[in-house]
Amino acid sequence: MWSMIREAGAGLRRNLSMVISIVLVTFISLTFVGAAILLQMQINQMKNYWYDKAQVAVYLCTGYEQAPLCPDGKVTDEQKTAIEATLKSEELAPLIKEYFFEDEATAYKNFKEQFSGSDVATYVEADQLGQTFWVSLVDPSKSEVIAQAFSDTAGVSSVKDQRTYLDQIFQVLNGASLAAIGVAVLMLLCAVLLISTTIRLSAFARRKELGIMRFVGASNLYIQTPFVLEGIASALFGSLLAGGALVLVVKYFVRDYLVTAMPYVSFIQISDALIVWPVIVGFGVLLAGFSSALAIRRYLRV
Amino acid sequence: MWSMIREAGAGLRRNLSMVISIVLVTFISLTFVGAAILLQMQINQMKNYWYDKAQVAVYLCTGYEQAPLCPDGKVTDEQKTAIEATLKSEELAPLIKEYFFEDEATAYKNFKEQFSGSDVATYVEADQLGQTFWVSLVDPSKSEVIAQAFSDTAGVSSVKDQRTYLDQIFQVLNGASLAAIGVAVLMLLCAVLLISTTIRLSAFARRKELGIMRFVGASNLYIQTPFVLEGIASALFGSLLAGGALVLVVKYFVRDYLVTAMPYVSFIQISDALIVWPVIVGFGVLLAGFSSALAIRRYLRV
Amino acid sequence: MISFSGVTKQYRGTTKPALDNVSLNVDKGEFVFLVGASGSGKSTLLRLALKEEKATVGEIFILGQDVGAISSRKVPFYRRKLGVVFQDFRLLPNKTTYQNVAFALQATGKSRGFIQEAVPDVLKLVGLTGKEARMPHELSGGEQQRVALARAVVNKPAVLLADEPTGNLDPMTSQGIMALLERINAGGTTILMATHDTMIVDRMNKRVVELSAGHIVRDDEHSTYGGI
Amino acid sequence: MISFSGVTKQYRGTTKPALDNVSLNVDKGEFVFLVGASGSGKSTLLRLALKEEKATVGEIFILGQDVGAISSRKVPFYRRKLGVVFQDFRLLPNKTTYQNVAFALQATGKSRGFIQEAVPDVLKLVGLTGKEARMPHELSGGEQQRVALARAVVNKPAVLLADEPTGNLDPMTSQGIMALLERINAGGTTILMATHDTMIVDRMNKRVVELSAGHIVRDDEHSTYGGI
Ligand SMILES: Nc1ncnc2c1ncn2[C@@H]1O[C@H](COP(=O)(O)OP(=O)(O)OP(=O)(O)O)[C@@H](O)[C@H]1O
Ligand SMILES: Nc1ncnc2c1ncn2[C@@H]1O[C@H](COP(=O)(O)OP(=O)(O)OP(=O)(O)O)[C@@H](O)[C@H]1O
Ligand SMILES: [Mg+2]
Ligand SMILES: [Mg+2]
């Protein structure tokens with residue numbers, strides 16, 4: 001076993017520039033694989049945090065709306081009672097998990113918090129924000145029903161499903177992770193090609209020794225193991241680097257920068273990156289093992 | 001010449017998996033180089049568009065401000081005259097290129113345009129936005145002076161330099177282009193290593209022929225050119241792909257998606273990507289030419 | 001021990017078979033010379049016995065095993081039962097005498113303890129005691145071939161295949177190698193040796209099988225190179 | 001034409017010089033045999049003349065040029081003035097007779113028109129007219145050496161260096177190659193030929209320079225291999 005590791009080490013030194021290339025390519029490819037995984041984790045995190053909390057807002061008229069929305073001005077108490085009755089109606093009640101009423105004061109408090117530091121906060125007054133029924137649905141994807149139910153109701157200015165905002169963000173994040181996967185797939189293809197070329201070069205350099213091994217009856221496993229180890233070792237180094245890079249990105253970019261810049265968004269933790277690290281390393285090692293085993297098997301088949 | 005191109009083609013076929021790797025690695029690396037260039041172009045575009053237009057806003061009191069800002073309520077005409085006098089004073093006048101006064105109606109119109117489609121637009125009324133002195137400075141980095149001059153002036157709610165918003169965006173974009181350059185540098189290093197390894201493999205496969213060339217007195221140029229062509233050809237293909245990828249990204253992501261999603265930002269054009277294309281291809285070809293020339297020279301030196 | 005029946009071998013891309021309907025039986029403990037002009041098929045016959053090549057037609061039984069039927073996974077285990085020596089020694093240039101022999105045992109998975117016992121024994125057998133630490137280039141041709149022989153017999157194979165083992169050696173040195181082979185044969189190992197060397201065949205007075213263009217044209221007990 | 005004065009060549013990593021203080025003068029139009037045991041330094045002397053290796057000590061003047069002083073950039077231009085033939089022909093296996101000869105001209109930047117004139121001429125000189133389209137493996141050894149000779153002389157070099165050009169050929173075929181070399185020599189080309197072949201040296205009755213362990217031990221006009 002020890003002699004096999006030594007053989008593998010000698011092989012790596014022989015093809016140094018190839019090995020550096022493999023390390024770099026696996027590093028980049030697995031970093032992108034990891035980035036894609038982390039982006040998906042981020043999406044899930046945001047979904048968990050926001051998606052189920054995402055409610056349908058039934059905005060009531062404030063009196064400040066543009067012409068066609070609220071012809072009767074500010075919502076009256078009768079209108080409010082009617083709206084609440086609709087929410088409790090046979091038609092809608094089974095769809096609704098719960099709803100609550102937000103009055104103007106609470107809305108203003110939330111708004112101030114959300115936009116603190118922005119100019120908008122200084123322009124807006126409590127009575128402009130108006131009152132809202134926040135509706136949580138049993139099946140959050142059925143928001144259309146609520147929108148239709150209140151489309152012509154007096155005193156309702158508009159119905160908004162918060163999920164539509166989130167879906168846009170998720171779309172962008174999904175696009176980014178697809179792009180990362182695209183780069184990763186190309187680079188992984190490249191890594192496989194490089195690993196198999198390196199293994200063949202290594203086998204070619206040792207062809208005399210391999211010939212001797214074969215006629216003294218060395219088993220295929222004994223012959224092939226150093227080559228597979230060689231492939232794995234170079235990929236291992238690249239994948240360790242990739243995992244490290246991801247942890248650093250999460251630490252310095254996500255936790256230190258983004259978390260400060262966007263305090264209201266829930267971001268992935270360093271612990272998430274630490275989970276991804278072994279996944280990536282395992283993936284890189286498996287990939288390298290398979291491609292070098294395949295390459296050496298094809299080379300040694302006579 | 002023709003025979004040299006044929007030799008180069010034969011060399012490429014011989015090391016197909018290496019050539020594919022080179023194509024992929026140059027493709028990825030130059031795509032990232034190009035992305036970094038395009039990000040810088042985008043930053044410049046935004047700087048050109050916004051940075052010189054960026055003004056210092058002297059917001060006058062609307063009467064809606066929070067407690068400590070405007071103890072006297074809405075700005076009075078006398079206060080306005082005093083403020084304008086300060087702007088024209090000996091102290092400030094030499095620093096100011098020009099200034100203009102924006103009244104409530106204009107501000108409301110601009111605000112509506114900027115936030116059309118957003119909920120905020122429905123909350124805000126004309127008299128809330130208030131009046132503003134927009135000040136263009138001779139040296140836009142000297143906004144501190146204005147801020148100090150009006151720090152205690154009655155009727156002024158706040159002084160804001162628009163550039164502070166922009167600088168944040170630029171910082172993020174710069175960070176992204178640095179990351180792209182980082183990936184690109186690693187991949188370019190990888191490309192150089194792969195090109196020189198491939199050239200050496202190619203020379204090794206043709207060592208007999210090279211020996212014959214040398215004793216019949218073929219010039220070094222004649223011997224080396226096919227190898228350099230070989231290196232260039234594989235990198236050329238990768239860099240053409242990279243240029244194409246950038247044009248597609250600019251067309252479908254920037255022009256079709258971002259321009260619609262952020263109509264108020266000025267984005268780079270497809271023509272910018274078309275300028276970057278030849279730059280990238282030239283860069284890739286030069287890099288490949290140099291690294292293969294170096295590799296073959298070192299290999300042929302006895 | 002070794003039995004070829006109706007064996008034909010045609011290399012891909014050639015028109016004439018290298019071996020043509022060859023049948024041959026070698027009993028346990030025999031010493032057989034394989035002679036014939038260059039290209040007559042001697043090496044091909046040995047290569048088939050080693051399962052380095054597959055016979056096109058015919059059956060080969062060695063040590064009771066149907067060589068054609070051995071799966072490629074089992075080939076290494078089969079080869080461990082054979083010893084092989086070549087004209088060009090095939091030693092690893094960067095390993096000492098001791099390591100070259102030990103290497104064959106390591107590669108077949110023998111324990112360290114076994115190796116430490118077996119290698120000095122076999123080096124003593126071939127007369128290389130004291131030269132364990134020499135590299136191949138520090139040995140004469142005859143000594144290198146002794147190392148190769150030591151490697152071939154360290155596993156105590158029942159059959160030894162030798163392809164012109166004296167081809168690169170001068171007559172005096174060849175003599176020494178032949179004496180060694182005779183000793184190994186006397187120990188019970190069946191030996192099949194291809195050679196060009198008239199003198200050796202004539203002196204040894206063993207069974208001689210002559211090939212010509214892939215056919216066996218002569219098979220005599222206690223014969224000489226040219227004799228009938 | 002060719003002048004070695006006090007030339008010593010010691011290969012790196014060796015203890016004994018391959019050539020030791022060799023001085024030799026060859027005049028224009030001469031035909032000189034270089035003989036000597038294997039390892040005596042014949043090939044080394046030719047390699048120095050070709051500037052494939054650099055002399056450790058001493059000066060070499062060929063065609064009026066100080067070979068040691070030629071910059072590596074100028075070496076190809078120097079080599080174009082020499083013709084070279086080797087024992088193993090060194091033809092490109094995937095090129096026809098015509099292409100093998102034309103290749104040498106292309107590689108030295110000759111025009112297409114010149115190549116189309118010169119190649120058939122030289123092939124006629126070496127007696128290969130009609131075999132222009134054959135690949136090397138479709139030619140006999142003697143014919144392959146003729147192709148190599150054609151390639152060596154197509155540039156009309158003033159000096160032809162030959163390293164055992166008949167080493168791989170049977171006596172009959174060698175005869176033909178020697179006749180050809182004599183014809184080329186008669187055309188004014190100076191020939192320096194290393195050989196082992198006693199018969200050829202004896203028949204030709206030319207100047208013979210004998211090397212032994214890197215020293216010139218004999219230099220006789222109109223001599224034979226063993227003669228004094
Ligand atoms: N791998 C191969 N592919 C094609 N033909 C081969 C191969 N090996 C041998 N041959 C051919 O098979 C024939 C027998 O070759 P073999 O090597 O068995 O002869 P040999 O008796 O060992 O000759 P020698 O005395 O020169 O070693 C020859 O014609 C040879 O050219
Ligand atoms: N590249 C080399 N490196 C080290 N030693 C060398 C090299 N080439 C030749 N020698 C040594 O130099 C000496 C002279 O070799 P050379 O090839 O000139 O002999 P030769 O007369 O041509 O022999 P032959 O008749 O076998 O061709 C020999 O001892 C040889 O081992
Ligand atoms: Mg043979
Ligand atoms: Mg020689």
Side-chain angles (χ1 to χ4, degrees), chain A residues 15-25 27-29 31-32 57 59 62 64-66 69 111-112 115 118-125 128-130 157-158 160 168 171-172 175 179 182-184 186-194 196-198 200-201 204 241 245 249 253 257 261 295, chain B residues 15-25 27-29 31-32 57 59 62 64-66 69 111-112 115 118-125 128-130 157-158 160 168 171-172 175 179 182-183 186-198 200-201 204 241 245 249 253 257 261 295:
Chain A
N15 299 307
L16 193 63
S17 66
M18 285 299 285
V19 170
I20 296 176
S21 305
I22 293 174
V23 168
L24 290 177
V25 168
F27 169 39
I28 298 292
S29 58
T31 304
F32 278 92
Y59 292 113
T62 58
Y64 288 98
E65 281 84 4
Q66 236 63 29
L69 275 175
F111 184 87
K112 281 281 168 190
F115 287 93
S118 158
D119 284 352
V120 178
T122 57
Y123 303 149
V124 174
E125 283 285 285
Q128 292 174 305
L129 286 172
S157 77
S158 60
K160 278 263 161 77
Q168 269 181 20
Q171 208 182 324
V172 170
V183 172
L186 288 181
M187 286 293 94
L188 284 175
L189 177 62
C190 191
V192 168
L193 290 174
L194 290 182
S196 54
T197 306
T198 309
R200 273 157 207 232
L201 288 179
F204 181 77
L241 284 181
V249 164
F253 179 66
Y257 177 77
Chain B
N15 299 308
L16 194 63
S17 67
M18 286 299 284
V19 170
I20 295 176
S21 306
I22 293 175
V23 168
L24 290 176
V25 169
F27 169 41
I28 298 293
S29 60
T31 303
F32 279 92
Y59 294 112
T62 58
Y64 288 99
E65 281 84 5
Q66 234 64 28
L69 274 177
F111 184 87
K112 282 278 166 191
F115 286 92
S118 158
D119 284 351
V120 177
T122 58
Y123 304 147
V124 174
E125 285 283 286
Q128 293 175 305
L129 285 172
S157 75
S158 62
K160 278 260 161 80
Q168 270 183 17
Q171 208 183 324
V172 170
V183 173
L186 287 181
M187 286 293 95
L188 285 174
L189 177 63
C190 190
V192 168
L193 290 174
L194 290 183
I195 288 171
S196 54
T197 306
T198 308
R200 274 156 206 231
L201 288 180
F204 181 78
L241 283 181
V249 164
F253 179 67
Y257 178 77

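Every value quoted in this text rests on a predicted model; they were computed, and no experiment measured them. Proteins get letters first, then strands, A, B, ... in listed order; numbering begins at 1 in each.
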Contacting moiety of A/Phe253, where chain B heavy atoms sit under 4.5 Å: neither
Of the backbone (N, CA, C, O) and the side chain (C-beta and beyond), which part of B/Leu194 lies under 4.5 Å from a heavy atom of chain A, both, or neither? both
Part of A/Leu201 within contact of chain B (heavy atom distance under 4.5 Å): side chain
Between B/Leu193, B/Thr31, B/Leu189, which shows the greatest number of heavy-atom pairs under 4.5 Å with chain A? B/Leu193
Per-residue tally against chain B (heavy atom, under 4.5 Å) across A/Phe32, A/Phe27, A/Tyr257 peaks at A/Phe32
Which heavy atom in A/Cys190 sits nearest to a heavy atom in B/Val25, and how many Å separate them? SG-CG2, 3.3 Å
Separation of A/Ser17 OG from B/Ile195 CD1 (nearest 0.5 Å): 12.0 Å
Can you measure from OG (A/Ser196) to CD1 (A/Ile22) and round to the nearest 0.5 angstrom? 8.5 Å
Parallel, tilted or perpendicular: ring planes of B/Phe204 versus A/Phe204, cut at 30 and 60 degrees: perpendicular
Sort out for me which of B/Val172, B/Leu24, B/Asn15 touches chain A most, counting heavy-atom pairs under 4.5 Å. B/Leu24
Quick one: what part of A/Leu186 sits under 4.5 Å from any heavy atom of chain B, side chain, backbone, both or neither? both
Atom CE in A/Met18, atom CZ in A/Arg200: separation rounded to 0.5 Å? 11.5 Å
